[in-house]
Structure formats: structure tokens, C-alpha cells
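Every heavy atom of this structure was used, including side-chain atoms; hydrogens, water molecules and symmetry mates were not. Residue numbering restarts at 1 for every chain, and letters A, B, ... go by the order of the sequence lines.
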2 protein chains.
Amino acid sequence: MASQTEENYLKSLFNLANEKNEVNISELATQMQVSLPTVNSMVKTLQKNGWLIYEKYKPVIITPEGKKVAALVIRKHRLTEMFLVNKMGFGWEEVHEIAEQVEHIHAPKFFERMDEMMGFPTIDPHGSPIPDAQGRIQEIKYLNLSDCKAGQVVKLAALTNSSTEFLEFLNGRNLRLGTELSILSKEAYDQSILISYLNHSSETLSEKVSEKLLVKLLD
Amino acid sequence: MASQTEENYLKSLFNLANEKNEVNISELATQMQVSLPTVNSMVKTLQKNGWLIYEKYKPVIITPEGKKVAALVIRKHRLTEMFLVNKMGFGWEEVHEIAEQVEHIHAPKFFERMDEMMGFPTIDPHGSPIPDAQGRIQEIKYLNLSDCKAGQVVKLAALTNSSTEFLEFLNGRNLRLGTELSILSKEAYDQSILISYLNHSSETLSEKVSEKLLVKLLD
DNA sequence: ATATTTTGTTAGATCAGTCTAACAAAATTG
DNA sequence: CAATTTTGTTAGACTGATCTAACAAAATAT
């Protein structure tokens, strides 16, 4: 069984992996906030457990087994976030830190029960998909708001970044998942986007913001 | 901040402490299921943190600070158990293992929210008191069923042992907290007790069982 | 294509938490 | 009270997860 530390490395590996399932050791070190030698020794440990393939001076390759372990931890994380929001009244900006701890709990029934109580949700409070109990993730492809054009009407579906600061920024503008946005115009100079929604007749979103918003085209 | 391991030692210390707050190192070793040298080195660590007083060859003495840390972990454990039973539909025999993990989560709001959702319960699913947010425990003194006499009518209020096996034994006899028991007779030879309750016109409880049941005298 | 920078490795140390073996003090018992 | 048992201590080792220092390979840039 993976230790909490190993689970965290696998999660990072999972998130950093490209199409070839490769991750550079230094990216992992940055992500995990540890030194390169620490990662070097940890990847050797992870390899012994069959969760990745390691060859000197090569990027590591996460194995299907490693991906499954990671996906199941991510499942627990996202179920927890959804439970905290839907059943315990937390705001979407408050749940990451708590879920980061709860995700390491070994108690299948606990998470099954959460899942059941929520009616088997498929996305978490930030629009990210919840892997199923087998560790499979249903990838949904959304549009980036920054790629949309004036005149389009879209619905806010997910975020590519869920930092507390960004979530609080969105809270301050009453932007939440499901909010329908009309794109009024797009500034050619800085790519900022003018939108209207709810009782906000016009709000400007910088590219820095719009590129973090994933949307679904309406009609 | 106490590590998970330290929290577990402090919990055991708290539970083993006598009126003088003293605990023998070997009792602690038995309770924690580790060797004596391990405890020996750990008590030195705990002393450095001010959670106990250690002198060679003397029982350790838990300090008020140590007791508070322990009580706050116990608070999280018991709130979690109650939440699992009352809000998530678990049986009282299923919650200990999960709470043993959840108790180490550092997220005050998470436990405050549980507390609030349950209306600030004062006891856990096994009748044990829940320490308050300052780590104070309101001790309630119950009678031991094994000390009761024929003719008395009592209400099951708490357990002195909450092992899964014992809880399953009680489940099998429909015995739960709040059940009113009439003591029909007591066998002088083996101290077994004959009781009636609900639709059970007569059940015998061995001393091994009755001494683990805490009751409140009715009238 | 050489020099420089970035990335990765090795060696060796540290800390937390654990162990066994050997021994010493305290408590118990005959 | 002496012998035995129980309890506690010390020394030394191990594992997991981390670090720094020194170095080596690979990638990049002049």
C-alpha cells in the first residue's frame, strides 16, 4: 500500500504526465517542493512498487498501476470536496486544504457513503471529473473562455486553476459553475473579454482570468 | 504541533492516566503495541514538547498541556464517530477505525461544522463524553450494570469497551444506548444478570458483558 | 563545436519512529 | 533478605523521507 508521501508523488506524476506518460524529475521536484535528490531516491522506490519506470537521465514513465493509484486518491479528494460543499455547506474556495488531508484516509465505505449520499456526482465543485471506483476518468473537453468569440453565449463549466485567490476573485463577481455568460466583445489589444450575466450588465475579464475558465457553448 | 504518532501516544497516556496523571512506561508500550525502548525514546520527545514529565525509572506524568492536546484529538475522534452514525448512516460498530484516521486531520472548521450540523452533541455513539473546544471533559458518572440489583430498572447509557465484537454482540441482542432494562435477577454463583427489555422477555448477560455496560437508574 | 546552463546522480548526513540485544534498577516473592 | 521477575534503560541498527555538497550528463546557446 502506498504511503501518504508516495500517494502525493503519484498524484503529481499523474497531473504532470504528458501523452507519453512521461515526467521529468525536475518538474516533479518543483511540483512536490522537494530537492532533486529527494525525487531521485523516491522514483527508485516508486519503481520498486511498479508505479513507474525509471532509467537514468530519462524522464520517468508512470505505469497503468501508478495511474490507477493516483486516480483513486484523486477520486477520494474530489468526492470529499463535493461532500464538503454539497453536504456540509463549505464554499468552493475552502475545500482543497481539507480534501488534501482526507484523500489519504483508508476507508472505502466512508467514500462510498459520501458518493451515495450525493447521488454519485461526476464532477467536483470546480468542474473537474471524479474518477470512478476503478480509477477511470471520463475526460470532458470544454472550451477555453479565452478562445471564444464575441456574440457567443456559454455556460461556465470548470476551472483550470482552483487556487483560493482565484476562487475568491470569482466569488466577488458572482461567477460560479453553471453561470451563463454572453460574450459582448473581445479587446484585440490585451485579449480581455467583456461579458454580461445575471444582473451584471457588463464585466471585463482579463486574459489571465478568461484562460482559466472552461465553458460549454450554448446551442 | 504534535505529529500523528505523538497524538496517538498522548491519547493513550490520557486514557491510561490515574488520578495522579501517572502512567508506567510499560503500560504505554502495551497500549501502543510498541517495544519498551520505543516508548522510552518517545517519552523523551514528548517531554521536550512539555506534554509530560519524565524521570528515569519513574512513571511519566502527563501535564495539563499534554491532556489538552489529547482531549482535542479525542474530541475530533468522537465528533467524527457521531457524525458517521448520525449523518452518514454508519452503525456504531463501524466507526472507530474511520475516526481513528479522521481524528488527525487539521481543519478546525471541518469539525466545527460537524458539531454544528449535529446540534453540538455531548456524547459519542458509545456514550462517551465529547470534550469541548477547550479540551474540557464533562465526566458523567454512571452505574455499572454489574453492580445493579434485582428489581432495579435502568437505561443503557454508555459502554466501557467499544470493540467491534462487543458492539456486534449487543446488536445481535437489540441492545443500544437508551434501551430500558429491568433487572429480573442476579445469579450469585457467576454474577450473571437476567434482564428484560423491549420484546425480549428474558435475556441473560454474563458478568463479562454486564461489567462493560454503564447505566442510569430510572426513578 | 565548445562553453555554459540545466538537469540528474551519488555520497553522505539528519530526523522520526521503530527494532533487538544487553544490561540495570525496582518490585515481588519465596 | 536473597532470588527471581518485571520494568526500564542504553547502545546500536534500520527504514522512510528529507537535505546539502560535489559531480556528471544532457541540453542549450554562443
Side-chain angles (χ1 to χ4, degrees), chain A residues 1-18 20-62 66 69-70 73 100-101 103-104 106, chain B residues 1-18 20-62 66 69-70 73 100-101 103-104 106:
Chain A
M1 201 169 56
S3 67
Q4 288 201 189
T5 306
E6 288 168 337
E7 286 186 347
N8 286 333
Y9 276 91
L10 288 170
K11 251 197 322 168
S12 289
L13 233 14
F14 185 95
N15 290 321
L16 293 170
N18 58 22
K20 286 147 91 187
N21 293 319
E22 293 178 342
V23 180
N24 293 326
I25 245 99
S26 62
E27 290 176 71
L28 194 47
T30 305
Q31 182 77 20
M32 291 295 297
Q33 310 230 66
V34 296
S35 69
L36 273 168
T38 298
V39 173
N40 185 271
S41 82
M42 182 53 72
V43 295
K44 289 171 182 171
T45 304
L46 295 173
Q47 178 171 48
K48 283 196 196 100
N49 286 291
W51 294 320
L52 55 73
I53 294 159
Y54 166 70
E55 281 183 89
K56 266 193 184 186
Y57 299 108
K58 296 257 187 76
V60 297
I61 299 166
I62 188 167
V69 172
V73 175
E100 205 64 14
Q101 298 178 63
E103 71 186 8
H104 299 294
H106 296 293
Chain B
M1 202 170 55
S3 68
Q4 286 202 190
T5 306
E6 288 168 336
E7 286 187 346
N8 285 333
Y9 276 90
L10 288 170
K11 251 198 321 170
S12 289
L13 231 17
F14 185 95
N15 290 322
L16 293 169
N18 57 22
K20 285 149 92 186
N21 293 320
E22 292 178 342
V23 180
N24 293 326
I25 244 102
S26 62
E27 290 175 72
L28 194 48
T30 305
Q31 182 76 19
M32 290 297 297
Q33 310 231 63
V34 297
S35 69
L36 273 168
T38 299
V39 173
N40 185 272
S41 83
M42 182 52 73
V43 295
K44 290 170 182 172
T45 304
L46 295 173
Q47 179 172 46
K48 283 195 197 102
N49 287 290
W51 295 320
L52 56 75
I53 294 159
Y54 165 69
E55 281 184 88
K56 264 194 184 184
Y57 299 109
K58 295 256 186 78
V60 297
I61 299 167
I62 187 168
V69 172
V73 175
E100 206 63 14
Q101 298 177 64
E103 69 186 8
H104 299 296
H106 297 292

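For C/dA16, the OP1/OP2 oxygens have no side-chain nitrogen or oxygen of B/S41 closer than 4.0 Å. In terms of phosphate contacts, B/N24 brings no side-chain nitrogen or oxygen within less than 4.0 Å of OP1 or OP2 of D/dT7. Taking side-chain N and O atoms only, B/N40 has a distance below 4.0 Å to OP1 or OP2 of D/dT9. Phosphate proximity of D/dG16 to A/K48: absent, as no side-chain N or O sits under 4.0 Å from OP1 or OP2. For B/T5 and C/dG17, the shortest distance from a side-chain N or O to OP1 or OP2 is below 4.0 Å. For C/dT10, the OP1/OP2 oxygens have a side-chain nitrogen or oxygen of A/K56 closer than 4.0 Å. At the phosphate of D/dT18, neither OP1 nor OP2 sits under 4.0 Å from any side-chain N or O atom of A/S35. Between C/dT18 and B/Y9, a contact under 4.0 Å exists linking OP1 or OP2 to a side-chain N or O.
Note: CD (B/Q47) to C1' (D/dG8) measures 15 Å, nearest angstrom. Rounded to whole Å, atom P of C/dT10 lies 16 Å from atom CE of A/M42. One atom, CG of B/L16, and another, P of D/dT7, lie 14 Å apart when rounded to the nearest Å. Following rounding to the nearest Å, A/L46 (CG) and D/dG16 (C1') show an atom-to-atom distance of 12 Å. Nucleotide D/dT6 holds its C1' atom 17 Å from the CG atom of B/L28, rounded to whole Å. Between B/K44 atom NZ and C/dC15 atom P the separation is 16 Å, expressed in whole Å. Counting to the nearest Å, the P atom of C/dG17 and the CD atom of B/E7 are 11 Å from each other. Atoms OH (B/Y57) and P (D/dT10) sit 6 Å apart, rounded to a whole Å.
Inter-residue side-chain proximity for B/V60 and B/L13 is flagged as met; some heavy-atom pair is nearer than 4.5 Å.
Residue B/T38 is classed as a base contact, given a heavy-atom separation below 4.0 Å to a base. No engagement by A/K58 is indicated, since no non-hydrogen atom pair under 4.0 Å with the nucleic acid exists. At a threshold of 4.0 angstrom between heavy atoms, the contacts of A/L36 include nucleobase atoms, whether or not backbone atoms are also involved.
Here C/dG17 is the nucleotide among C/dG17, D/dA17, D/dG8 with the atom lying nearest to any side-chain atom of B/E6. Taking only side-chain atoms of A/S3, from C-beta outward, the nucleotide of D/dA17, D/dT18, D/dT7 with the closest atom is D/dA17.
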Query raised in the report: A/V34 and A/M42: side-chain contact (heavy atoms from CB on, under 4.5 Å), yes or no, with the steps?
Result: CA-CA 11 Å; A/V34 296; A/M42 182 53 72; over 6 Å; no
Query raised in the report: side-chain contact (heavy atoms from CB on, under 4.5 Å) between B/N49 and B/V69: does it pass, once the steps are laid out?
Result: CA-CA 11 Å; B/N49 287 290; B/V69 172; over 6 Å; no
Query raised in the report: Given A/E103 and A/N8, is the side-chain contact (heavy atoms from CB on, under 4.5 Å) satisfied, shown in steps?
Result: CA-CA 10 Å; A/E103 71 186 8; A/N8 286 333; 3.5 Å; yes
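For the side chain to side chain contact (heavy atoms under 4.5 Å, CB included) with B/Y9, the lone residue among B/V43, B/T38, B/T45, B/L52 that qualifies is B/T38.
A/N15 places a side-chain N or O within 3.5 Å of a backbone atom of A/K11 that can act as its donor or acceptor partner.
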